[in-house]
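These notes are about the structure you will find just below.
To find a chain, count down the sequence lines: A is the first, B the second, and so on, and within it residues start at 1. Everything numeric in this text was worked out from a predicted model, so none of it was measured.
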Protein chains: 2
Amino acid sequence: MRELLTSDGKCPVETALELIDGKWKGVALYHLLGETLRFNELRRRIPQVTQRVLTKQLRELERDGLLTRTVFAEVPPRVEYRLTELGESLKPIILALRQWGAEYRARQDSPHQESGDAAAKAAA
Amino acid sequence: MRELLTSDGKCPVETALELIDGKWKGVALYHLLGETLRFNELRRRIPQVTQRVLTKQLRELERDGLLTRTVFAEVPPRVEYRLTELGESLKPIILALRQWGAEYRARQDSPHQESGDAAAKAAA
DNA sequence: CGGCATCCCCTCGGATACTG
DNA sequence: CAGTATCCGAGGGGATGCCG
């Protein structure tokens, strides 16, 4: 399951990806960049996610130290989610992913055919 | 921060993450950065992955335009995997993830925590 | 408001065996 | 060498209902 390859690179990529692995984690992190949000505010920004799943993924992000969950002892309850310094340090990556994703989508529409030229280069 | 929703109302961050979602895709992409590798060369670099899964994830990456798969009509067969321009454009992100992952693990060792708990022992 | 509890389905990833 | 073909268990993610 877990191989701790420390220095030789490679594995850190896996480590990082595991932390943001979860259907909605990336988007949640994105919306939390530089912003503190309550549970339902976050839900409103990610309409497709269900409460259960959002809760679960937020808890995992909390467990992994990417965000903090602050419960206010009020009625009605208020719970605020906010990125930790560690979570905020993902900002360049998240923004890069956003840009890359946007460009990818743009390429889908544009006539930028990659062609299905096949493995015609197969030698004799 | 602007929404930047794509045509199907999906966040670009999500789009990007979907493409590299898959237990071994990130590592595979990492190993293919600037390098053309044969199937078994890739396997050797990711010893934990099984044949079936590696094949599947590589095919998905190919389908999504991140790499090319070139089959040489030889005996024994030779299949080379190589990142497309689009795949190579992920390089800064992959490298950033690698660095971030390394720093994350470094932080695990040195007690720099701020939110007291979450230090639950990972019971097997 | 912001959760749990429960049920369920379906995909992902792994193990093993066979083939062109 | 580089794959398919099966089979399988785990769990991620969704739907719904109840609660402090």
Side-chain angles (χ1 to χ4, degrees), chain A residues 1-3 11 13-15 17-29 31-32 36-64 67-82 118-119 121-124, chain B residues 10-11 13-14 17-29 31-32 36-64 67-82 122-124:
Chain A
M1 274 175 66
R2 174 193 305 171
E3 95 275 56
C11 207
V13 177
E14 216 183 318
T15 303
L17 284 176
E18 278 172 12
L19 295 177
I20 58 177
D21 179 35
K23 194 166 179 180
W24 309 101
K25 282 186 188 175
V27 193
L29 289 170
H31 286 295
L32 284 169
T36 299
L37 294 177
R38 299 179 60 170
F39 186 77
N40 278 343
E41 288 176 325
L42 210 41
R43 265 194 89 184
R44 241 172 279 128
R45 283 170 171 73
I46 318 173
Q48 307 92 336
V49 73
T50 60
Q51 316 129 319
R52 186 178 109 71
V53 173
L54 182 57
T55 299
K56 195 185 169 215
Q57 310 218 340
L58 287 172
R59 292 293 166 87
E60 289 176 9
L61 290 171
E62 182 195 16
R63 181 203 58 192
D64 294 334
L67 55 78
T68 59
R69 176 174 174 271
T70 308
V71 182
F72 294 84
E74 307 172 354
V75 175
R78 177 161 55 113
V79 180
E80 289 187 347
Y81 291 90
R82 175 181 187 162
K121 30 179 59 177
Chain B
K10 202 189 285 182
C11 176
V13 178
E14 210 184 321
L17 284 176
E18 278 174 11
L19 295 178
I20 57 177
D21 179 36
K23 192 166 180 181
W24 309 100
K25 283 186 187 175
V27 193
L29 289 171
H31 284 297
L32 284 169
T36 299
L37 294 178
R38 299 178 59 170
F39 185 77
N40 277 343
E41 288 176 325
L42 211 39
R43 262 193 93 183
R44 243 172 277 128
R45 282 170 171 73
I46 318 172
Q48 306 87 352
V49 73
T50 61
Q51 216 173 28
R52 176 173 129 34
V53 172
L54 181 58
T55 300
K56 194 187 169 213
Q57 309 217 340
L58 287 172
R59 292 292 165 86
E60 289 177 9
L61 290 172
E62 182 196 15
R63 181 202 59 194
D64 294 334
L67 56 78
T68 59
R69 176 174 173 271
T70 308
V71 182
F72 294 85
E74 304 173 354
V75 176
R78 177 160 55 112
V79 179
E80 290 187 347
Y81 291 90
R82 175 181 187 161

- Task: Using only side-chain N and O atoms of A:Lys56, determine if any of them is under 4.0 Å from OP1 or OP2 of C:dC4.
- Result: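 Answer is no, no contact under 4.0 Å.
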- Message: So, does B:Gln57 get its side chain near the phosphate of C:dG13, meaning an N or O under 4.0 Å from OP1 or OP2?
- Response: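 It does, given that an N or O in the side chain of B:Gln57 lies less than 4.0 Å from OP1 or OP2 of C:dG13.
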- Along DNA chain D (nearest heavy atom to each residue), the more 5'-positioned of B:Gln51 and A:Val49: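 This one resolves to B:Gln51.
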- Residue mapping more 5' on DNA chain D - nearest nucleotide basis, B:Arg38 or A:Lys23: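 Checking each residue's closest nucleotide, the 5'-ward one belongs to B:Arg38.
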Calculate the interatomic distance between [X] atom [atom1] and [N] atom [atom2]; express it in whole Å.
| X | N | atom1 | atom2 | answer |
| --- | --- | --- | --- | --- |
| B:Arg43 | C:dA15 | CZ | C1' | 12 Å |
| B:Ile46 | C:dG13 | CD1 | C1' | 14 Å |
| B:Phe39 | C:dT19 | CZ | C1' | 15 Å |
| A:Leu54 | C:dC4 | CG | P | 11 Å |
| A:Leu37 | C:dC1 | CG | P | 15 Å |
| B:Gln48 | C:dC12 | CD | C1' | 17 Å |
| B:Lys25 | C:dG13 | NZ | C1' | 13 Å |
| A:Glu41 | C:dG2 | CD | P | 8 Å |

- Task: Using atom types as modelled and distance alone, determine if a side-chain donor or acceptor of A:Gln57 lies under 3.5 Å from a backbone N or O of A:Trp24.
- Result: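 Checking the backbone N and O of A:Trp24 against the side chain of A:Gln57, a donor-acceptor pair under 3.5 Å is found.
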- Query: Looking across every strand, which nucleic acid part, if any, lies under 4.0 Å from A:Phe72 by heavy atom: base, sugar-phosphate, or nothing?
  - Reply: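 No contact.
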- Message: If you assign A:Asn40 and B:Asp21 each to the DNA chain C nucleotide with the nearest heavy atom, which residue ends up on the more 5' nucleotide?
- Response: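 Its nearest nucleotide lies further toward 5', so the answer is A:Asn40.
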- Report, as yes or no, whether the 6.0 Å neighbourhood of atom CZ on B:Arg82 holds more than 12 heavy atoms from other residues, nucleotides or ligands.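 Result for CZ/B:Arg82: open.
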- Query: Of the nucleotides C:dG14, C:dC12, C:dG3, which has the atom closest to the B:Thr50 side chain?
  - Reply: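 The closest nucleotide is C:dG14.
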- Nearest listed nucleotide, side chain of A:Arg52, among C:dG14, C:dA5, C:dC12: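 My answer, after comparing the listed nucleotides, is C:dA5.
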- Could you tell me whether A:Arg78 and A:Glu80 have a side-chain N and a carboxylate O separated by less than 4.0 Å?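 Result for this pair is yes, salt bridge flagged.
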- Query: Between B:Val79 and B:Arg69, what is the shortest heavy-atom contact and its length?
  - Reply: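 In terms of heavy atoms, the two residues are closest at CG1-CG, 3.7 Å.
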- Task: Of all the heavy-atom pairs spanning A:Leu19 and A:Lys25, show the shortest one and how long it is.
- Result: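 Minimum heavy-atom separation between A:Leu19 and A:Lys25: O-CD, 3.6 Å.
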- chain A contact limits on DNA chain D, taken 5' to 3' with a cut-off of 4.0 angstrom to heavy atoms: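 It runs D:dG12 to D:dG20.
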- Item | Close side-chain approach of A:Leu61 to A:Tyr81, heavy-atom, < 4.5 Å |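 No. Closest side-chain heavy atoms not under 4.5 Å.
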- Message: A side-chain contact here means heavy atoms from C-beta on lying under 4.5 Å apart; do A:Leu58 and A:Leu42 qualify?
- Response: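 A side-chain contact under 4.5 Å exists here.
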